[in-house]
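What's counted below: heavy atoms across the whole structure, side chains too, no hydrogens, waters or symmetry copies.
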2 protein chains.
Amino acid sequence: MRHTASQASADVGHQTETHPQDREPRQDWDEDLVPSRSGRTRRPEPDCPVEAALAAISGRWTTLLLRELMGGPRGFTELRALLPELSAKVLSERLRSLRERGLVTVERQRGFPVRTRYALTEAGLALRPLLIELYATGEALLRLTATEAPPGPPPVRRPPAD
Amino acid sequence: MRHTASQASADVGHQTETHPQDREPRQDWDEDLVPSRSGRTRRPEPDCPVEAALAAISGRWTTLLLRELMGGPRGFTELRALLPELSAKVLSERLRSLRERGLVTVERQRGFPVRTRYALTEAGLALRPLLIELYATGEALLRLTATEAPPGPPPVRRPPAD
DNA sequence: CGGAATCCTATCGGATACTG
DNA sequence: CAGTATCCGATAGGATTCCG
């Protein structure tokens, strides 16, 4: 990373000077944030990498399901046991969606009883760093936005004036 | 990271032996994936860090909006110009949601015409690594799942037998 | 300029029941 | 065991209109 927190609004709360003419002429795309052309879009296009990643983890339960699959192949009922409040319908939908996206494969052992194993593909495993980053970012958010407290100074207790 | 791709199902396609009793007794939680207790949940709870991060970027247009705000404070109409297909209603909703989550602040210059500037807070800036990871992961996905081609061997062109 | 209010439709996801 | 089928309430989000 190159220019990490350049125009960071760390001093939010009241403006410092607010010169109305300090706007720079929009030099270029942020190479950190948007390294390739496919990300320089003005709307949610499916070929934008960010949208592709979002689509992969979209839907309730999906990240939890992926977390379980990261531990190795799992059967249908096994997944139901690991996520007891996830209904069979939604689990089925999620697994099919992940299959259609090439993130999960399934192999069925015929015989009795029918045994199925869902496993992540290489593409599915590629989601691991994203899950880790989601976790890390989420922890940072929970810390930074705990009780709305602004970072640094001790949290002035605002009176319940509602 | 410690045991990166241990039980990775890279050889999917046909089972190797499939002993029905090879299930390990579920040793522990993956410390890479779920480092703290708040992530060891069996359902989408809002205090799970992953859910917190997902909530922050949830909703159509949100990541694009965050991308624009990463470039510095922006006004309402300015954002509309940057994302022309985003309706005023949804933009307003997104900005309010981000404000309520403590990710964005707004300052209004009263006078004429009314000027408003939306800026990321420190918590909002904390989303930057996540956006970058979303981009990187998305690029990996688009590469790995391009035309469903399995990685490694050259893509045998399947005849159009439909 | 910077929004809020309304309306309307499509999709999501939970509950339940049924099948191979 | 491993799903699918059906119903149904709740949002999401786009279009349009109105307001300070």
For [X], answer base if it contacts any base atom (sugar-phosphate contacts may also be present), sugar-phosphate if it contacts only those atoms, and nothing otherwise; contact means non-hydrogen atoms under 4.0 Å.
X	answer
A:S87	nothing
A:R80	nothing
B:R96	nothing
A:R110	nothing

Whole angstroms only, please: what is the [atom1]-[atom2] distance between [X] and [N]?
X	N	atom1	atom2	answer
A:R99	D:dA2	CZ	C1'	11 Å
A:R115	D:dG3	CZ	P	11 Å
A:L82	D:dA2	CG	C1'	16 Å

Problem set entry | Sequence-distant partners of A:A55, side-chain contact (heavy atoms from CB on, under 4.5 Å), two or more places apart | A:R101

Exercise. Using a heavy-atom distance cut-off of less than 4.0 Å, which residues of residues 44-54 of chain A contact DNA chain D?
Worked result: none

Seminar exercise, completed: First and last nt of DNA chain C near chain B, cut-off under 4.0 Å to heavy atoms, 5' to 3', are C:dC1 to C:dT6

Would you tabulate the side-chain donor-acceptor contacts of residues 131-142 of chain A under 3.5 Å, counting partners in other chains and residues two or more places apart, or write 'none'?
unit_1	atom_1	unit_2	atom_2	d
A:E133	OE2	A:T137	OG1	2.8
A:Y135	OH	B:S36	N	3.3
A:Y135	OH	B:S36	O	3.0
A:Y135	OH	B:S36	OG	2.5
A:Y135	OH	B:G39	N	3.1
A:T137	OG1	A:E133	O	3.0
A:E139	OE2	B:S36	OG	3.1

Problem set entry | Check: D:dG13 base within 3.5 Å donor-acceptor of B:K89 side chain | yes

Exercise. Does the side chain of A:S92 get closer than 4.0 angstrom to OP1 or OP2 of D:dA2 through an N or O atom?
Worked result: no

Exercise. Within the distance-only criterion (no hydrogens, no angle test), does the side chain of A:T121 pair as donor or acceptor with the backbone N or O of A:L103 below 3.5 angstrom?
Worked result: yes

Seminar exercise, completed: Quick note, salt bridge (charged side-chain N to carboxylate O under 4.0 Å, His left out) partners involving residues 87-96 of chain B, not counting sequence neighbours, are B:K89-B:E93, B:R96-B:E100

Problem set entry | Upstream residue (5' side of DNA chain C) when A:V114 and A:V90 are each assigned their closest nucleotide | A:V90

For this session: Go through residues 55-67 of chain B and report each residue with a non-hydrogen atom lying under 4.0 Å from DNA chain C, sorted by number.
Result: none

